[in-house]
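Accompanying notes for the structure given below.
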Amino acid sequence: MGWAIAVHGGAGDIPLSLPAHRREPREASLRHCLQIGVSALKVNTAPLDVVELVVRELENIPHFNAGRGSVLTTNGTVEMEACIMDGTKKCGAVSGLSTVVNPISLARLVMEKTPHIYLAFDGAEAFAKEQGVETVDASHFITPENIERLSQAKEANRVQLDYTQPSPPKDEPQDPAANEGDGQIGTVGCVAVDRHGNLATATSTGGFVNKMVGRIGDTPVIGAGTYANSFCAVSATGKGEFIIRATVARDVAALMEYKGLSLNKAAAYVIEQCTPEGTAGLVAVSATGEVTMPFNTTGMFRACATEDGYSEIGIWPSLTDSAI
């Protein structure tokens, strides 16, 4: 048994031709955030504090679809959501945020300062002001790049991936799956376990480009995009509607708890058998220090490290992964 940590920056149709100016900053950011988490675990920081710390940092980096980099709704607004949970099943979640700088920290305050689990929209914003968390004008999150992404999505008349291939012309046939919403590429998450088997997970996102106002994805739904118990901690990413239907994060934990599967086998089964091809990925750690990062999409921005010295950063399947 030893500590372990894994981080993701989103799963989806990430082409091998992804330009260097989009790929390299994300790889560097994952490396940076992973090191923050590793350093914290080495000095016995509690996993709940570790995952909040790492996801806060990811939210502050505009290269991912969370916090500062959140994509825009069909109305050109931002609606952020986040969730945090530990191995004792304490949890907090928020949705519909438009002014909160670090949604993950507000989710933790919901967990610790209210009798509830989930606050959304005006109620969540009011709670943020009550708690004195950092807020900014909503325009802070509306960047020229995200305005352009929204324009492309509207031109193609569909919700669209954060950063992949250009939209096809209107007269080209559309993939039927696209009508259900391309996934949360850029969603961020972190899972961690300490030397004593204490577990925690945190996930944060801006949703997907051109989503309907009021849409809620898998990230803040306990058991879908985010879940932890005494067996494992899981943070999922991909096409939210499919992840919700498959209760992805909870099913990994349930297969370990009720069927006795290892973390690797449980996560692989859920990704390979329970979600359609091209829809989901996850990072997870177990109470015994295992780590896994499966996905059935073209790629997933991901990184991990364990106390025994293993570390990895990757985007596409293992043949194109690179060591940290």
Side-chain angles (χ1 to χ4, degrees), residues 1-8 37 41 44-55 81-94 104 107-112 114-118 187-204 217-238 240 243-275 280-294 304 306-307:
M1 181 182 294
W3 58 257
I5 183 171
V7 182
H8 72 73
L41 286 168
N44 300 314
T45 304
L48 192 66
D49 294 329
V50 172
V51 297
E52 181 187 8
L53 179 68
V54 170
V55 170
E81 45 196 30
C83 184
I84 194 167
M85 189 170 187
D86 72 12
T88 69
K89 299 184 184 179
K90 292 189 296 184
C91 51
V94 289
I104 196 62
R108 184 167 181 179
L109 287 170
V110 171
M111 179 182 77
E112 295 180 340
T114 81
H116 309 303
I117 289 174
Y118 197 160
T187 292
V188 302
C190 179
V191 293
V193 60
D194 65 14
R195 297 182 179 101
H196 308 291
N198 299 307
L199 293 149
T201 178
T203 316
S204 183
D218 66 288
T219 289
V221 177
I222 305 300
T226 310
Y227 190 75
N229 65 5
S230 61
F231 290 84
C232 65
V234 183
S235 176
T237 176
I243 292 171
I244 293 170
R245 290 172 188 146
T247 57
V248 164
R250 171 56 184 156
D251 274 17
V252 174
L255 287 169
M256 295 181 70
E257 183 174 0
Y258 301 125
K259 299 291 285 184
L261 270 61
S262 68
L263 177 71
N264 286 338
K265 289 183 178 179
Y269 181 85
V270 170
I271 293 300
E272 294 169 10
Q273 303 297 325
C274 303
T275 56
L282 63 84
V283 296
V285 292
S286 74
T288 56
E290 295 173 283
V291 61
T292 190
M293 303 186 292
C304 71
T306 62
E307 187 168 3

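The figures that follow rest on heavy atoms only: side chains count, while hydrogens, waters and symmetry mates do not.
Of all heavy-atom pairs spanning Trp3 and Leu41, the tightest one is CE3-CD1, 3.8 Å. Ala287 and Ser230 make their closest contact through CB-O, 3.4 Å (heavy atoms, listed as atom of the first residue, atom of the second, distance). Closest heavy-atom contact between Pro47 and Asp194: CD-OD2, 3.5 Å. The minimum heavy-atom distance between Cys83 and Ile104, with the atom names listed, is O-CD1, 3.1 Å. For Ala249 against Gly225, the heavy-atom pair with the smallest separation is CB-C, 4.2 Å. Between Pro220 and Ala93 the shortest heavy-atom distance is O-CB, 3.4 Å.
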If you apply the rule side-chain contact (heavy atoms from CB on, under 4.5 Å), what do you find for Glu52 with Ile84, and how did you get there? CA-CA 8 Å; Glu52 181 187 8; Ile84 194 167; 4.0 Å; yes
side-chain contact (heavy atoms from CB on, under 4.5 Å) evaluation trace for Leu282 with Ile271: CA-CA 8 Å; Leu282 63 84; Ile271 293 300; 3.8 Å; yes
Working for side-chain contact (heavy atoms from CB on, under 4.5 Å), residues Val7 and Cys304: CA-CA 6 Å; Val7 182; Cys304 71; over 6 Å; no
Working for side-chain hydrogen bond (donor to acceptor under 3.5 Å, both in side chains), residues Ser262 and Asn264: CA-CA 5 Å; Ser262 68; Asn264 286 338; 5.4 Å; no
For Thr292 and Val283: C-alpha separation, side-chain torsions, deciding distance, then whether side-chain contact (heavy atoms from CB on, under 4.5 Å) applies. CA-CA 6 Å; Thr292 190; Val283 296; over 6 Å; no
Show, in sequence, the C-alpha distance, side-chain angles and deciding distance for Asp49 and Thr45, and conclude whether the side-chain hydrogen bond (donor to acceptor under 3.5 Å, both in side chains) test is met. CA-CA 7 Å; Asp49 294 329; Thr45 304; over 6 Å; no
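Going from atom OG1 of Thr88 over to atom CG of Leu199 covers 10.0 Å, rounded to the nearest 0.5 Å. Summarising the geometry, atom CG belonging to Asp251 is positioned 5.5 Å from atom SG belonging to Cys274; distances are rounded to the nearest 0.5 Å. Atom CE of residue Met111 and atom NE2 of residue His116 lie 15.0 Å apart, to the nearest 0.5 angstrom. Atom CD1 of Ile117 is separated from atom NZ of Lys89 by 11.5 Å, given to the nearest 0.5 angstrom. Arg195 contributes atom CZ, which lies 4.0 Å from atom CD of Glu307 (distance to the nearest 0.5 angstrom). The CD1 atom of Ile243 sits 7.5 Å away from atom OG1 of Thr275, with the distance rounded to the nearest 0.5 Å.
In this structure the side chain of Tyr269 reaches within 4.5 angstrom of the side chain of Leu255, judged on heavy atoms. Contact annotation: the side chain of Lys90 never approaches that of Met85 to less than 4.5 Å [non-hydrogen atoms, C-beta and beyond]. Between Met256 and Ser286, some side-chain heavy-atom pair lies under the 4.5 Å cut-off. Within the 4.5 Å cutoff, the side chain of Leu263 has heavy atoms near those of the Val252 side chain. Using a 4.5 Å cut-off on side-chain heavy atoms (C-beta onward), Thr187 and Thr203 make contact. Side chains of Asp218 and Val248 form no contact here, defined as non-hydrogen atoms less than 4.5 Å apart. Under the 4.5 Å side-chain criterion, counting only non-hydrogen atoms from C-beta, Val51 is not in contact with Thr201. Leu48 is listed as a side-chain neighbour of Arg108, based on a closest heavy-atom distance under 4.5 Å.
Side-chain atoms of Thr226 come within 3.5 Å of backbone N or O of Thr219 as a donor-acceptor pair.
The pair Glu257-Arg250 meets the salt-bridge criterion, with a side-chain N (NZ, NE, NH1 or NH2) lying under 4.0 Å from an Asp/Glu carboxylate O.
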